[in-house]
Amino acid sequence: MFPMDQGSRLQEIARRAMVQYGMEPDFPPQAAAELERLPASNGNGLRDLRALPWSSIDNDESRDLDQLEVGVDGSEPRLLVAIADVDALVRPASAIDGHARKNTTSVYTPARIFAMLPPALSTDLTSLNEGQDRAAIVLDMTIAADGGIEKSDVYRALVRNHAKLTYEAVGAWLEDRGPRPAGVERVSGLEAQLRLQDRLANHLRVERQRQGALEFDRGEVRPVMADGQVSELRVEQPNRARDLIESFMVAANGASARFLSARRLPSIRRVVRSPERWPRIVELARQQGAELPPAPDAPALEAFLRARRAAAPEDFGDLSLSVIKLLGRGEYVAEAADGQSTIHFALAVSNYTHSTAPNRRYPDLVTQRLLKAAIDGSSAPYALEELQALAAHCTKQEDSANKVERLVRKAAAALWMSDRIGQEFAAVVTGASAKGTWVRIQSPPVEGKVQQGAEGLDVGDRVRVRLLRTDPERGFIDFARVG
């Protein structure tokens, strides 16, 4: 039914897309020579925190582990997040750093991962792998009973990952849907530690919701490859473990930004500005029998979303997707040492940066270098003008990476859908502009362009469509509106 070796076909599509969108698919030859000359890493002078019950929670297949977590119980409970000290081995102006600075992010496709850093680093020497002693930057936060962060500190330490856990296993266990994960069975005291982390995450989540942070259904479609073929389109759903890590990362990124602000260093901030199409969000709410204020209001939008999740959980995924599309994308901006923080609309926080994934994102590596300068009391390693140029470049390359990932996912989906030409599907409109109108069908949850009958459609509209054609090489899935 399918051509042989779809995996190789998708790899070629992915490689062409990387080049098309201005990204480098391969590491420069000098990078290999630099890897051979890397200095031995040691923990001299670092605070020794290896005895704490650190663990990681990530995707099943992840090998580039950026962060560990541990909670400390007591009258003033603390959350510690350890971030891999990538800067210790990736020096500015090196060939490895130059490649990372060019791409600015790892690119994940079902056919191949285009890592920002060589795998010898990102999955080994700078990865917080289980059973390995690693240098790290620790964000140490005291959590108040209401979920606020009373105080925080940032310092360097030596850490050890005692258990590599996965979202699915931990999530199912916390939700009483599955057994204790193997790591919990093996490591003494880890069950109590994860229960404590779950409580701390809940406190943080409640406080974010009180401030108006938006919570969506973030289910994502991931093509699964088996024996060189697209075997299924798997939907990765949110769960309690993913929510836990998201809450911890939001807290850690905020602590990083506040630490830099307090020491008057410039930084790269991550922001989502006021929604680009708030009037359309207001109209979607009105169609659901709710009223939103005429001006963007995050707490009001969160209250509406929470009510719709409770009233119609089966439709909440489509509503979430529509609102996410209408909010607009995030971007990186440089902030001067004495600058005013920009509010991250979707997270309802100011003082927000990206710092928790230096193996995968270049802005996080830049922030790490700034944090280390702040810890040492030295001057910033980047001038404001350089940070401004980097912020613009990272935003551009993030958009390019998203295009590559989206194209390859759609190519895989086109292969999967190629024997369904002529079938009809229920769908929701996910994009509408001068460039065209796009819909996502419900089952399987695949996105494509409406080539016939798109007139008058807008984001959030529900329609019925018929599959016209697929073109895997270009990632095209074309539909016609029915009725």
Side-chain angles (χ1 to χ4, degrees), residues 205-206 208-221 235-239 242-243 246-247 249-250 270-331 342-350 352 395 398-399 402 405-406 409 426-443 445-450 454 456-463 465:
R205 189 181 309 113
V206 168
R208 285 171 52 211
Q209 289 174 344
R210 188 188 66 78
Q211 294 178 358
L214 307 179
E215 294 208 8
F216 300 104
D217 182 341
R218 297 181 182 273
E220 295 184 358
V221 179
V235 180
E236 293 186 339
Q237 296 289 355
N239 64 27
R242 292 181 186 275
D243 289 345
E246 179 182 0
S247 293
M249 295 309 103
V250 171
R270 179 67 175 183
V271 302
V272 173
R273 303 184 190 275
S274 290
E276 296 175 354
R277 295 195 59 197
W278 181 257
R280 177 58 182 169
I281 295 175
V282 172
E283 176 59 28
L284 285 180
R286 185 175 294 118
Q287 292 174 7
Q288 305 282 341
E291 292 293 329
L292 290 175
D297 186 316
L301 179 56
E302 168 56 18
F304 161 67
L305 292 172
R306 190 163 55 248
R308 292 312 303 165
R309 183 196 290 270
E314 69 282 359
D315 296 331
F316 189 69
D318 289 344
L319 177 62
S320 289
L321 182 62
S322 299
V323 174
I324 289 171
K325 296 282 187 178
L326 292 166
L327 285 176
R329 62 176 184 158
E331 61 182 294
T342 303
I343 292 290
H344 191 302
F345 184 88
L347 296 175
V349 295
S350 59
Y352 190 78
T395 297
E398 179 185 63
D399 184 56
N402 288 336
E405 292 174 351
R406 187 164 55 245
R409 284 197 304 269
V428 61
V429 178
T430 58
S433 68
K435 296 180 180 180
T437 300
W438 283 263
V439 295
R440 186 188 70 174
I441 62 177
Q442 292 181 355
S443 182
V446 169
E447 195 169 46
K449 189 173 185 180
V450 181
L457 293 178
D458 204 348
V459 175
D461 288 340
R462 295 180 180 277
V463 294
V465 295

Val439 to Ala427 - nearest heavy-atom pair and separation:
CB-CB, 3.9 Å
Min side-chain heavy-atom separation Lys449-Lys435 under 4.5 Å
no
Can you name the closest pair of heavy atoms from Ser322 and Val428 and give their distance?
OG-CG2, 3.9 Å
I'd like to check Asp461 versus Asp458 (side-chain heavy atoms, cut-off strictly below 4.5 Å). Are they in contact?
yes
With heavy-atom distances below 4.5 Å as the criterion, would you say the side chains of Leu305 and Leu319 are in contact?
yes
Would you check if Val450 and Val463 make a side-chain contact, meaning some heavy-atom pair closer than 4.5 Å?
no
Return the minimal non-hydrogen interatomic distance between Ala300 and Leu292, and the atom names on each side.
O-CD2, 3.6 Å
Closest non-hydrogen contact found for Pro293 with Val282 is O-CG2, 3.7 Å
Hey, is Arg286 close enough to Glu283 for a salt bridge, meaning N to O under 4.0 Å?
yes
For Ile281 and Val323 the tightest heavy-atom approach is CD1-CG1, 4.4 Å
Closest non-hydrogen atom pair, Phe304 against Ala290
CD1-CB, 3.6 Å
Can you tell me how far apart CD (Glu398) and CZ (Arg270) are? Round to the nearest 0.5 Å.
4.0 Å
